[in-house]
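Chain A is the first sequence line, chain B the second, and so forth, proteins listed ahead of strands; every chain is numbered from 1.
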Amino acid sequence: MTVPAGTTTVAIQGVGTMGGQALRDAGAPIGGPDAAVVARDDSGRLLDLAWAPETDTTVAAVAAGSDDGRSVIRHSCAHVLAQAVQQLFPEAKLGIGPPVTDGFYYDFDVDRPFTQDDLVAIEKTMRKIIKAGAEPYKLELVDRKGDVDTSEVMEVGAGELTVYDNLHAHTGEAVWADLCRGPHVPTTRHIPAFRLMRSAAAYWRGSERNPQLQRICGTAWESAERLDEYLEHLAEAERRDHRRLGAELDLFSFPAEIGSGLAVFHPRGGIVRREMEDYSRQRHVEAGYEFVYSPHITKGQLFETSGHLQWYADGMFPPMHLDEELSEDGEVRKPGQDYYLKPMNCPYHNLVYRSRGRSYRELPLRLFEFGSVYRYEKSGVVHGLTRVRGMTQDDAHIYCAPGQLPGELKSLLSFVLDLLRDYGLDDFYLELSTRNEDKYVGSDALWEEATETLRQAAEDSGLELVADPGGAAFYGPKISVQARDALGRTWQMSTIQLDYSMPERFDLEYTSSDGSKQRPVKIHRALFGSIERFFGVLLEHYAGALPAWLAPVQAVGIPIADEHVEHLQQVAKALRARGVRVEVDASDDRMQKKIRTHTTQKVPFLLLAGGKDVEAGAVSFRFRDGTQVNGVAVDQAVEAVAGWVNRRENVSPTAADLPLGAS
RNA sequence: GCCGCCUUAGCUCAGUCGGACAGAGCGGCUCACUCGUAAUGAGCAGGUCGGGGGUUCGAUUCCCCCAGGCGGCUCCA
C-alpha cells in the first residue's frame with residue numbers, strides 16, 4: 001500500500017459537515033496524484049467525500065495514488081464507461097463494473113459483440129464525459145434506495161446499493177444513473193488517465209452455465225505518467241514473451257501437425273532444458289532422492305484406484321479401448337481394456353513403493369521422476385509453454401512415518417526455495433490451499449491435522465503466507481511457492497501437498513520398529529511444476545538473456561579478419577576443455593555484424609581477436625550490455641569464462657564485475 | 001468448452017474494393033569485400049496466400065466447415 005506524503009486526517013465535529021469539505025479545510029491536496037478522492041473513516045470504510053457523518057468522527061484522506069485510491073478511480077471510470085456505452089448503445093443492459101488489478105471492466109448485455117471501432121468510439125465518448133469543456137458532469141451520491149426501477153438499471157449484486165446519478169454540473173439534471181455500492185470520486189475530473197484495452201466475452205457472474213456478456217476492459221491511473229509506465233510495462237512483457245523469444249532464439253516450437261499445446265524443443269532449447277534438469281538431478285541426489293521411471297500409459301484401473309478418474313476424467317485424454325475380442329456373432333468374448341495416457345505420476349510411484357515390503361528404516365523414502373504427463377486442457381486455455389497438453393513434471397513423492405512429517409516438510413521447503421534461488425528466482429511468498437468442500441476425500445480429522453502441519457511448516461519459513469480457501473486437490477491440502485519475476489509478476493512454482501488418502505487407497509504399509517504394520521504419509525512435491533513452464537518463466541524473467549550456465553551458446557569467438565580465426569580456434573579449444581559451449585564465427589560477415597548477431601542471440605561472452613590480440617596472446621571481451629575489456633591474456637580469459645559458468649552466476653556478465661586485470 | 005479477432009516466403013509484415021507473373025525487410029545460399037566492438041555490397045533461391053467445401057466466367061480476396069494462433073471467460077490433479 002502506497003501511503004503518500006501529506007496524508008491528512010481530520011476529526012469532524014458536528015453533524016452535517018461533509019468529509020470532503022473537512023479534509024479540504026484541513027489542507028488535503030485537491031489535485032495531482034496525492035489528491036483526496038475518497039475518505040476513510042476510523043473503522044476503515046471508504047466513503048464518498050460528500051458523505052456527512054451523523055456523529056463526531058475522524059476521517060482520513062485517501063490519495064488518488066494509493067491502492068484504494070486507484071481502485072476508486074478505476075471503479076468510477078467503469079461507470080463512465082457504462083455511461084458512454086449506454087449513450088452509444090441505448091439498448092445495452094448493465095452487468096457489473098468492478099476495479100481489478102491494474103484496471104477495471106464492465107460487463108454489458110448487448111445484441112452483438114463490440115468491435116474495435118466501437119471501442120474507439122466509446123473511448124472518445126468517455127473522454128467527452130470526463131472533460132466536457134470546462135464543465136464536467138459530476139458523479140454525485142443520491143440517496144434514493146428503494147426507489148429504483150431495476151428493470152431499467154440492472155441489479156448488480158447483493159448488499160447495500162445506492163443509485164449514483166451523474167449530474168450535469170449546471171442544470172443538476174441526472175444524465176445517467178447506475179446502481180452501485182460506491183464510493184466514487186467526487187467528479188469525473190478526478191479520473192486523470194485511462195485507456196480502454198480490449199473487449200471479450202465473459203460469463204455472467206463467472207459461471208459457464210450462465211449466458212455470456214460482453215466485457216470491456218480498461219485501465220485507469222492517478223496520472224498520465226503512471227498510465228504511460230503501465231503501458232510500457234505491458235510492452236516490455238510483450239517483448240519478453242517466451243513464445244516470441246522461443247522463436248527468436250530457436251529454442252522450441254509448437255508445430256501445428258503435432259497438435260495444440262504440444263511443444264518440440266530445438267537443439268538450443270534442448271541444451272537449456274538439459275542444464276536445468278541436470279542441475280536439479282544433482283541437487284536431488286545430494287538431498288537423498290532416488291530416481292524412478294514410469295510409462296506414459298496405463299490401464300484405467302490404476303487411476304480408478306487413485307481416484308483421479310473419478311475427479312479428473314474431463315481433463316484426461318480419452319481412453320484407447322484395446323484387446324477386445326468378439327465372437328462370430330458379434331458377442332463380446334473377451335472384454336477389452338481402457339488404456340489412458342498418464343496425467344499424473346504419483347499412482348505409479350505408489351506401485352514402486354508397494355513392489356516389496358517396506359521397513360521404517362527406509363523412511364522417508366524419496367522417489368523422484370522427471371515424468372511426462374498428458375492432460376486434455378480445454379482448447380481455449382492452452383498458452384505457450386505455461387499451459388500445455390504434454391509436459392514433464394519434476395515430481396517427487398516422499399513417503400514418511402507420521403512423526404517424520406514436520407521435519408521433512410521443513411527441510412523440503414528450504415530445499416525447494418534454495419533450488420529456486422539457484423535458478424535466479426528469489427522473491428517468494430507462500431499460499432496455503434485448504435479443502436474444497438465440494439471435492440475432497442478423507443476424514444475431517446485428517447484434513448485438519450494435515451492443514452495444520454503444513455501451516456506450521458509454512459509459518460516456520462518466515463515467508464508471507466496467503467490463504468487460498470478451497471484451492472486444495474481432492475486428496476489433501478497444499479503449500480504452493482509463488483515467485484515474483486523481474487517484472488514483478490507472480491507465478492505459482494513449487495507445490496507441496498500432504499496426502500493421507502493415497503496410501504490408504506493403495507494400501508501402503510511399512511513395518512515399524514515394534515513389528516507392527518503402519519501406514520506411511522505421502523508428500524507430493526513438484527518443484528518447477530513443469531519443466532516446460534519453468535523454462536518459459538525463466539525466459540521471461542531473464543528476457544531471453546539466460547544466465548551463462550544455462551545459455552545455449554556461452555561464448556562466441558569473433559575474428560577481426562580471417563587470419564585471426566586460427567587464434568580463436570585455440571581459445572575455443574581451451575574453453576571446450578573446461579566444458580564451455582563455445583563457437584567461433586568464421587562466416588564472411590563483417591565483425592560488426594557478428595557482434596550484432598550474437599548480441600541479439602543473447603550470448604553472454606563475445607571474445608574478439610584482431611592483430612593486437614593475436615600478437616599479445618590475448619582476446620578482447622564484449623558483453624551483452626556492450627561493455628568491453630580488451631587484451632585479456634588467453635589463460636586468464638578462459639579461467640574467467642569457465643569460472644563464471646561453473647559458479648552458475650545468474651547475473652549477466654559485464655565488464656565491471658568480471659575480475660579481469662586488463663589493459 | 002464459450003465469445004471475438006487473426007492465419008500471405010523460415011521470421012516480421014505489405015497487398016488484392018473478386019481479375020494479369022503476389023511484394024518488402026530480415027533470415028538462407030552464392031560471389032566480391034578482410035574490415036577493432038550492434039546491420040558491407042551485389043546476385044540467387046524461396047509462397048497451391050492455413051486445410052477442405054461452396055458461390056462465381058474467375059476466389060488469396062465473399063460464404064460455410066475444420067485446424068492452428070491471439071485476447072478474455074471457465075478450468076488447471
What I want to check is whether an N or O donor and acceptor connect the side chain of [X] with the base of [N] at under 3.5 Å.
X        : N     : result
A/Arg624 : B/A38 : no
A/Asn630 : B/G36 : no
A/Tyr203 : B/G1  : yes
A/Glu208 : B/C73 : no
A/Gln628 : B/U37 : yes

Is the shortest distance from a Lys or Arg side-chain nitrogen in [X] or [Y] to a carboxylate oxygen in the other one below 4.0 Å?
X        : Y        : value
A/Glu369 : A/Arg525 : no
A/Arg387 : A/Glu532 : no
A/Arg489 : A/Glu540 : yes

Counting any heavy atom closer than 4.0 Å, what does [X] reach on the DNA or RNA strands: base, sugar-phosphate only, or nothing?
X        : answer
A/His383 : sugar-phosphate
A/Tyr105 : nothing
A/Asp588 : base
A/Arg198 : sugar-phosphate
A/Gln214 : sugar-phosphate
A/Thr597 : nothing

With nearest nucleotides of RNA chain B determined for A/Lys593 and A/Ile560 from heavy-atom distances, which residue corresponds to the more 5′ nucleotide? A/Lys593

Could you tell me if the ring centre of A/Phe104 sits under 6.0 Å from that of A/Tyr106? no

When rounded to whole Å, the CG to C1' distance for the pair A/Leu234 and B/G71 reads 13 Å

